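Please read the structure below before turning to the comments.
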Amino acid sequence: MTQRMKNENWKRTHYTMEITPNMDGEEVVLTGWIKEIRDLGGIKFLILRDKEGTLQITVPKDEVDELTLKHAESLQRQDCVSIRGVVKRMDKAPRGVEIIPKNIIILNTAKQPLPLDITGKTPADIDVRLDARVLDLTRDENRAVFQIRHVILEAIRDFLSKNGFIEIHTPKIIASATEGGANLFPVMYFEREAFLAQSPQLYKEQLVIDFEKVYEIGPTFRAEKSHTRRHLTEFTSIDIEAAFATAEDVMEIAERLIQHVCKMVVEKCCEDLKTLKYKVEVPEMPFKRLTYDEVINELKDAGIKINWGEDIPTIAYRTLGRLHPYFYFIIDWPTSIKPFYIKPRDDKPELSEGFDLMWHWIEVASGGTRIHDKDLLIKRLREQNLNPESFRFHLQAFDYGMPPHAGWAIGLERLVMMLTGVRNIREAVLFPRDRFRLTP
RNA sequence: GCCCUGGUAGUAUAGUCCGGCCUAGUAUAAGCGGCUGUCGCCCGCUAGACCCGGGUUCAAAUCCCGGCCAGGGCGCCA
């Protein structure tokens with residue numbers, strides 16, 4: 001045996017979940033972390049966790065050698081170990097199988113007491129949990145959220161790719177505001193001031209000239225002082241843009257995508273959903289389409305008065321969410337409350353071809369047909385008190401055959417909330433950034 | 001930018017309204033000891049806290065003021 005091999009005698013042969021009762025008698029090496037310890041005196045049970053699951057390590061104290069016993073006795077929660085041992089079929093053990101250790105290598109120890117209870121018997125506050133996020137994520141229900149998030153992203157990429165979209169990445173350091181407004185984070189870019197991108201909007205629109213159908217999944221930054229369970233200052237936006245498409249075309253893509261994502265999560269994340277005690281329903285298509293006018297009338301009947309042309313306040317959305325559970329679109333928004341790039345309707349310019357996709361009372365996506373006529377775009381910029389000169393590079397694209405196009409953006413973390421049942425958006429991000437949190 | 005609520009051991013809480021019975025209770029985690037089939041194991045023991053500063057009062061965890069920190073909501077948005 002070479003020195004190198006000797007040093008690697010901790011290397012695993014199996015994951016915990018690969019160990020089955022019919023491997024009785026086989027010698028295996030497992031690596032992971034000590035999740036629980038139950039010492040009954042003459043016998044000690046250790047629960048080993050790895051990325052796949054858990055397995056019981058049973059230490060009958062008069063049957064293991066002195067050194068192994070010494071190591072077993074010193075173990076504490078969250079210690080990192082490699083355990084060589086023999087598989088034993090045992091009906092009384094979880095999953096009918098356990099490991100009798102022959103050798104325990106302590107790869108690293110954990111400082112006690114831990115800053116939060118990893119068993120979940122005494123649940124910690126979100127603030128304490130996020131301060132010790134790595135430890136917090138050792139809990140199955142917290143990791144399950146990110147297993148599902150992974151499947152969501154996989155499903156989105158799969159769906160969009162199969163539908164002819166190409167994944168792009170646009171700059172996150174930008175020279176000026178993409179949509180106006182003051183809610184950008186300034187950064188020093190050498191001797192100049194720059195900003196963190198609040199949206200890939202302008203870039204993705206320009207790129208439809210070259211690629212026709214593009215999508216981006218990437219970080220976006222909003223310097224909004226929101227302090228709610230559904231806002232972050234850094235979140236992941238799923239953006240699409242398609243040439244020769246209208247709002248209705250991209251709404252169909254959105255509902256088909258949502259349905260596909262729900263299906264994949266239901267199919268692939270059965271265990272994780274069980275861990276989270278949450279049920280995902282695959283929505284029926286097509287989703288309801290409510291016009292802005294219908295919405296304000298419904299709200300009027302419910303006792304909430306909204307003047308035509310006003311935006312819909314949160315309280316009204318909560319009421320609307322009760323009237324229309326699950327997914328629905330709101331269409332035909334007044335042009336005046338939509339961003340400058342949203343196309344006004346040809347027949348009624350006071351209405352726009354913008355839409356929002358709602359889930360209960362939460363806005364999940366917004367999008368619409370875009371203006372592809374340069375003069376109209378400049379007119380709309382001026383109407384929203386934006387300076388066309390600041391948009392020079394964007395407007396330039398409209399000189400080179402900008403096709404009619406449409407697109408939308410979905411907030412990934414809100415989608416994760418929907419498909420995991422977590423009630424705080426911070427639970428849907430590994431290391432969330434909000435108005436007050438910049439660490440870890 | 002505005003509004004509301006809170007801060008008690010490593011964690012989570014009781015006590016705060018109506019100051020004295022708090023020498024601050026409980027659970028869990030931690031340390032020590034015991035227990036051979038646990039699976040939120042069990043039992044005993046030990047140690048551990050009133051966010052900071054000021055004020056009121058005979059007396060403050062409790063009331064008041066300021067600060068810091070945290071949670072939630074509004075507006076805005078995904």
Side-chain angles (χ1 to χ4, degrees), chain A residues 35-47 54-64 73 76-78 88 90-96 98 100 110-132 135-136 179-184 198-201 217-239 254 310-318 337-339 356-359 362-367 408-418 423-426 428-429 434-437:
Chain A
K35 189 183 177 188
E36 284 172 60
I37 302 165
R38 283 188 284 274
D39 192 338
L40 274 69
I43 192 165
K44 189 176 185 119
F45 301 100
L46 305 168
I47 307 299
T54 58
L55 188 63
Q56 178 164 290
I57 313 296
T58 302
V59 189
K61 294 187 184 173
D62 52 7
E63 286 172 40
V64 298
E73 292 290 10
Q76 292 177 302
R77 280 194 164 92
Q78 196 54 24
K88 188 176 170 190
M90 170 57 69
D91 292 339
K92 284 182 274 191
R95 296 202 349 257
E98 63 189 15
I100 310 298
K111 194 179 154 200
Q112 307 289 334
L114 299 171
L116 48 83
D117 175 11
I118 58 171
T119 68
K121 283 183 229 170
T122 309
D125 290 341
I126 186 89
D127 183 49
V128 171
R129 290 176 44 206
L130 292 176
D131 278 345
L135 199 58
D136 180 50
E179 302 178 22
N183 48 359
L184 286 100
Q198 66 177 168
S199 157
Q201 183 64 33
I217 301 174
T220 56
F221 306 90
R222 304 272 167 97
E224 285 158 3
K225 292 183 176 175
S226 310
H227 199 217
T228 78
R229 287 175 303 174
R230 58 188 193 286
H231 288 90
L232 295 164
T233 51
E234 176 178 346
F235 68 95
T236 308
S237 179
I238 304 155
D239 272 84
E310 278 176 11
D311 213 338
I312 298 168
T314 303
I315 176 97
Y317 276 126
R318 287 180 195 266
I337 50 173
K338 280 287 160 189
D356 283 1
L357 173 59
M358 308 297 299
W359 175 77
I362 294 178
E363 191 182 339
V364 181
S366 72
W408 45 248
I410 295 179
L412 172 64
E413 285 78 13
R414 290 191 178 174
L415 198 58
V416 172
M417 287 173 86
M418 273 165 233
R423 301 176 72 93
N424 190 322
I425 199 162
R426 278 166 275 204
V429 186
D434 61 40
R435 170 78 178 86
F436 299 104
R437 181 172 287 277

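Being a predicted model, the structure only gives us computed values, none of them experimental. In what follows, chains carry the letters A, B, and so on, assigned in the order in which the sequence lines appear, proteins first and then strands, with residues in each chain numbered from 1.
- For A/Leu232, the listed nucleotide lying nearest its side chain is B/A78; candidates were B/A78, B/G73, B/G10.
- Under the 4.0 Å criterion applied to side-chain N and carboxylate O atoms, A/Glu63 and A/Lys61 are not assigned as salt-bridge partners.
- Across all strands, A/Arg230 comes closer than 4.0 Å to base atoms (heavy-atom distances).
- Residue contacts shown for A/Asp39 include a base, since a base heavy atom lies under 4.0 Å away.
- For A/Glu224, counting side-chain heavy atoms from C-beta on, the closest listed nucleotide (B/G71, B/G10, B/C76) is B/C76.
- When the side-chain nitrogen and oxygen atoms of A/Asn424 are compared with OP1 and OP2 of B/G72, one or more of them lie within a distance under 4.0 Å.
- With salt bridges taken as basic N to acidic carboxylate O contacts below 4.0 Å, none links A/Arg230 and A/Glu413.
- A/His227 contributes no side-chain N or O that forms a donor-acceptor pair with the base of B/G73 under 3.5 Å.
- Among B/A12, B/G73, B/A78, the nucleotide with an atom closest to any side-chain atom of A/Thr228 is B/G73.
- On a pure distance criterion of 3.5 Å, no polar donor-acceptor pair joins the side chain of A/Thr314 and the base of B/G73.
- Between A/Asp131 and A/Arg437, at least one side-chain N (NZ, or NE/NH1/NH2) sits under 4.0 Å from a carboxylate O, which counts as a salt bridge.
- Electrostatic pairing of A/Lys338 and A/Asp311 does not count as a salt bridge here, judged by no charged N lying under 4.0 Å from a carboxylate O.
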Kindly give the atom pairs (protein nitrogen or oxygen, nucleotide nitrogen or oxygen) under 3.5 Å for nucleotides 37-39 of chain B.
{"residue": "B/G37", "atom": "N1", "partner": "A/Glu98", "partner atom": "OE1", "Å": "3.2"}
{"residue": "B/G37", "atom": "N1", "partner": "A/Glu98", "partner atom": "OE2", "Å": "3.0"}
{"residue": "B/G37", "atom": "N2", "partner": "A/Gln56", "partner atom": "NE2", "Å": "3.4"}
{"residue": "B/G37", "atom": "N2", "partner": "A/Glu98", "partner atom": "OE1", "Å": "2.5"}
{"residue": "B/U38", "atom": "O2'", "partner": "A/Arg38", "partner atom": "NE", "Å": "3.1"}
{"residue": "B/U38", "atom": "O2", "partner": "A/Arg38", "partner atom": "NE", "Å": "3.1"}
{"residue": "B/U38", "atom": "N3", "partner": "A/Gln56", "partner atom": "OE1", "Å": "2.7"}
{"residue": "B/U38", "atom": "N3", "partner": "A/Gln56", "partner atom": "NE2", "Å": "3.3"}
{"residue": "B/U38", "atom": "O4", "partner": "A/Gln56", "partner atom": "OE1", "Å": "3.3"}
{"residue": "B/U38", "atom": "O4", "partner": "A/Gln56", "partner atom": "NE2", "Å": "3.0"}
{"residue": "B/U38", "atom": "O4", "partner": "A/Lys92", "partner atom": "O", "Å": "2.8"}
{"residue": "B/C39", "atom": "O4'", "partner": "A/Arg38", "partner atom": "NE", "Å": "3.3"}
{"residue": "B/C39", "atom": "O4'", "partner": "A/Arg38", "partner atom": "NH2", "Å": "3.2"}
{"residue": "B/C39", "atom": "N4", "partner": "A/Lys92", "partner atom": "O", "Å": "3.0"}

